[in-house]
Amino acid sequence: MIKITLPDGSIKEYNEAVSGYQIAVDISPRLAKEVLSITVNEEVWDLQRLITNDSSIKLHKWDDEEGKHAFWHSSAHLMAEALEAMYPGIKLGIGPSIENGFYYDVDLPEGKVITDSDFPKIEAKMKELAQQKNEYNRSEVPKAEAMDFYSKKDDEYKVELINDLEDGTITFYKQGNFTDLCKGPHLQNTGLIKAIKILSVAGAYWRGDETRKQLTRVYGITFPKQKMLEEYLVLLEEAKKRDHRKIGRELELFAFSQRVGQGLPLWLPKGAQLRERLENFLKKIQKQHGYQQVIAPHIGLKDLWVTSGHYEKYGKDSFQPINTPAEGEEFLLKPMNCPHHCEIYKVKQHSYKDLPIRYAEFGTVYRYEQSGELHGLTRVRGFTQDDAHIFCRPDQLKDEFKKVMDIVFIIFNALDFKDFTAQVSLRHQTDHSKYIGSDENWEKSENAILEAVKEKDLNYVVEYDEAAFYGPKLDFMVKDALGRQWQLGTIQVDYNLPERFDLEYVGSDNQKHRPVMIHRAPFGSMERFVAVLIEHTAGKFPLWLTPEQAVILPISEKYNDYAKKVLNFLNNYDIRTLIDDRNEKIGKKIRDN
RNA sequence: GCCGAUGUAGCUCAGUUGGUCAGAGCAGCUGAUUUGUAAUCAGCAGGUCGGGGGUUCGAAUCCGUCCAUCGGCUCCA
């Protein structure tokens with residue numbers, strides 16, 4: 001007798017091994033039609049796999065991540081099958097499901113490339129194969145046999161993957177004539193995949209390693225219904241319309257110039273106004289929260305960055321030192337504001353009573369991002385951080401975190417980012433070798449963050465091994481109007497710089513102590529934030545931010561004088577107003593404004 | 001930086017196999033119209049077809065190269 005426990009606690013009993021699909025059928029035929037995968041004791045399984053022991057299960061439909069995952073993962077196999085048929089001799093890397101769809105990394109035969117024009121052919125082949133309703137069959141394979149299979153196919157990528165796997169854990173999935181190394185889970189058959197779209201093709205290094213061969217990555221997405229694909233394509237169109245690069249140009253907010261250099265945004269008058277209003281808004285809040293504005297130059301002696309450690313870690317890949325007429329004198333463009341702020345901290349002695357000290361600056365920094373990585377305002381080589389550094393005592397960490405979070409919430413609220421989550425990035429759970437600072441301090445600060453997040457009742461996820469080498473951090477992700485995730489604000493603890501700059505304060509015990517430093521930027525950078533804001537609002541900014549709050553449209557020249565009176569009236573109330581006194585019809589004026 | 005794609009007027013795009021192919025619409029300028037809610041009329045001006053090479057009698061069109069942009073990869077203090 002096998003006992004199957006459902007999520008609601010009810011129990012079904014079976015006399016012999018039973019598949020997830022059978023359980024679904026027993027619950028309701030409708031469910032059986034929609035179910036895609038099953039979680040059996042925390043492990044996601046195929047529906048057709050037999051459950052032989054007492055288990056608790058959960059069935060997944062399209063709406064569950066697990067259901068989509070199985071669907072798209074199976075689609076990746078389907079695409080691989082199509083590609084293998086179309087490009088004999090093709091070698092396969094990995095083909096996972098991703099947030100929106102799936103991809104497969106392939107090594108094409110000599111001289112072959114895949115371009116956009118091949119997409120319809122791939123889609124057609126996939127559809128043909130899908131209609132055969134081939135079953136996805138799971139089989140456990142001994143390591144030697146798996147090796148043998150891929151050695152014969154001369155697929156060094158799969159061989160490498162198998163090498164890293166333990167004997168006894170290796171499974172193959174086969175549908176139609178296609179067999180793939182895979183741990184699953186998969187759909188029952190290919191027939192469920194009704195709507196198919198190949199989205200793009202790109203190069204991707206094998207295992208993300210720049211020194212290894214670049215494979216061809218083919219991206220696609222599939223749906224159980226044609227209508228869902230159409231809706232998705234509409235969403236993509238909408239995202240295209242909201243592209244901040246397009247809207248930024250149309251609204252004359254910012255521009256780029258090849259003569260100035262790539263990745264170096266030029267803020268046009270309207271964009272500069274918008275940004276200034278955001279900055280003033282934040283300045284006001286920061287003042288209320290005990291911040292002091294400071295201003296530092298855009299360059300610093302190389303030694304400053306040697307001291308901070310940035311030179312050693314990033315020097316090679318950064319803008320190179322600026323030489324001066326003086327022999328051996330070198331300056332670096334600042335890639336961060338913190339070293340300057342550390343020096344500001346050091347100008348005078350601090351008592352424990354002075355802390356926390358909060359220095360804020362809209363500091364423009366320069367980082368030499370790789371050319372292929374530049375993207376509109378979201379990825380640039382010169383940008384302005386809404387930066388601040390908080391120097392505090394270890395016992396003040398939690399409170400300071402909570403205060404910074406308050407600022408972040410004020411901003412998100414004011415700008416209508418309703419849906420956001422936080423990611424707490426902590427050390428690797430066991431291997432602490434790469435981190436600077438004592439275990440004791442790390443534990444303190446990690447706990448401080450976790451407690452702060454809990455006390456603020458925040459939606460959050462914890463990620464291990466995502467902390468910086470110098471301290472744990474808390475990042476904020478917002479979902480925009482189209483449901484896309486963006487990482488915005490960040491709060492980071494830093495034990496490294498106070499050490500390197502030998503920062504201290506005098507404690508109540510009359511001894512010198514090391515302060516803890518917090519880096520924080522609620523917007524992240526002005527450039528990135530404005531980009532996200534544009535895409536979130538489609539360029540229709542809240543009234544308090546928008547460059548033109550009102551436009552007066554005189555019906556003819558006769559009324560221009562009156563229009564000016566109205567203009568003065570509105571301007572007196574600080575309402576940003578323009579007159580459209582062009583010699584145009586009123587309909588056109590309305591259209592244009 | 002790497003892979004792939006793209007690059008024609010400020011913007012959006014035509015330009016078939018190399019031979020009046022340098023075009024259109026919008027925007028701009030000039031003039032007319034003096035207007036009541038999504039395109040008023042007429043005219044003008046705009047481009048070494050991304051740059052610089054090569055092939056050819058002849059290149060926007062073909063080939064290599066550089067630059068930039070786009071989609072990814074990698075990285076992100």
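Per chain, numbering begins at 1; letters A, B, ... match sequence-line order. Just so you know, these numbers use all the heavy atoms, side chains as well, and skip hydrogens, waters and symmetry mates.
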When the C1' atoms of B:G23 and B:A60 are considered, how many whole Å apart are they? 12 Å
cation_pi(A:Arg367, A:Phe319) dist<6.0 Å, angle<=45: no
Base-pairing mate for B:A24 - Watson-Crick or G-U, with both contacts under 3.5 Å: B:U12
Identify the nucleotide, in any strand shown, that forms a Watson-Crick or G-U wobble pair with B:U30, with both distances under 3.5 Å; if there is none, say none. B:A42
Separation between the C1' atoms of B:A24 and B:A59, rounded to whole Å: 23 Å
Quick check against the 3.5 Å criterion: does A:Glu446 have a side-chain atom that pairs as donor or acceptor with the backbone of A:Arg427? yes
Categorize A:Ile555 for me: base, sugar-phosphate, or nothing, with a 4.0 angstrom heavy-atom threshold over every strand shown. base
Which part of the nucleic acid, if any, lies within contact of A:Ala204, taking any heavy atom under 4.0 Å across all strands shown: a base, the sugar-phosphate backbone alone, or nothing? sugar-phosphate
Complementary nucleotide of B:G4, counting Watson-Crick and G-U pairs under 3.5 Å: B:C70
Would you kindly check if the NZ (Lys) or CZ (Arg) of A:Arg212 is within the cone defined by 45 degrees around the ring axis of A:Tyr205 and under 6.0 Å from the six-membered ring centre? no
Say you pick atom P in B:U74 and the same atom in B:A14; how far apart are they, in whole Å? 33 Å
Has the side chain of A:Tyr559 got a donor or acceptor that lies under 3.5 Å from a partner of the other kind on the base of B:G36? no
Do A:Glu373 and B:C73 share a donor-acceptor pair, side chain to base, under 3.5 Å? yes
Under 4.0 angstrom, heavy atoms only, what part of the nucleic acid is A:Tyr103 near: base, sugar-phosphate, or nothing? nothing
Can you tell me whether the side chain of A:Gln214 and the base of B:C2 have a donor-acceptor pair closer than 3.5 Å? yes
Phosphate OP1/OP2 of B:G71: any A:Arg379 side-chain N/O under 4.0 Å: no
Using the C1' atom on both, measure B:U65 against B:G7 and round to a whole Å. 16 Å
Interatomic distance at C1', B:U12 relative to B:U6, whole Å: 15 Å
Any strand is fair game: report the nucleotide pairing with B:G52 by Watson-Crick or G-U wobble, both distances under 3.5 Å, or none. none
Here the distance between atom P of B:G36 and atom OH of A:Tyr562, to the nearest Å, is 19 Å
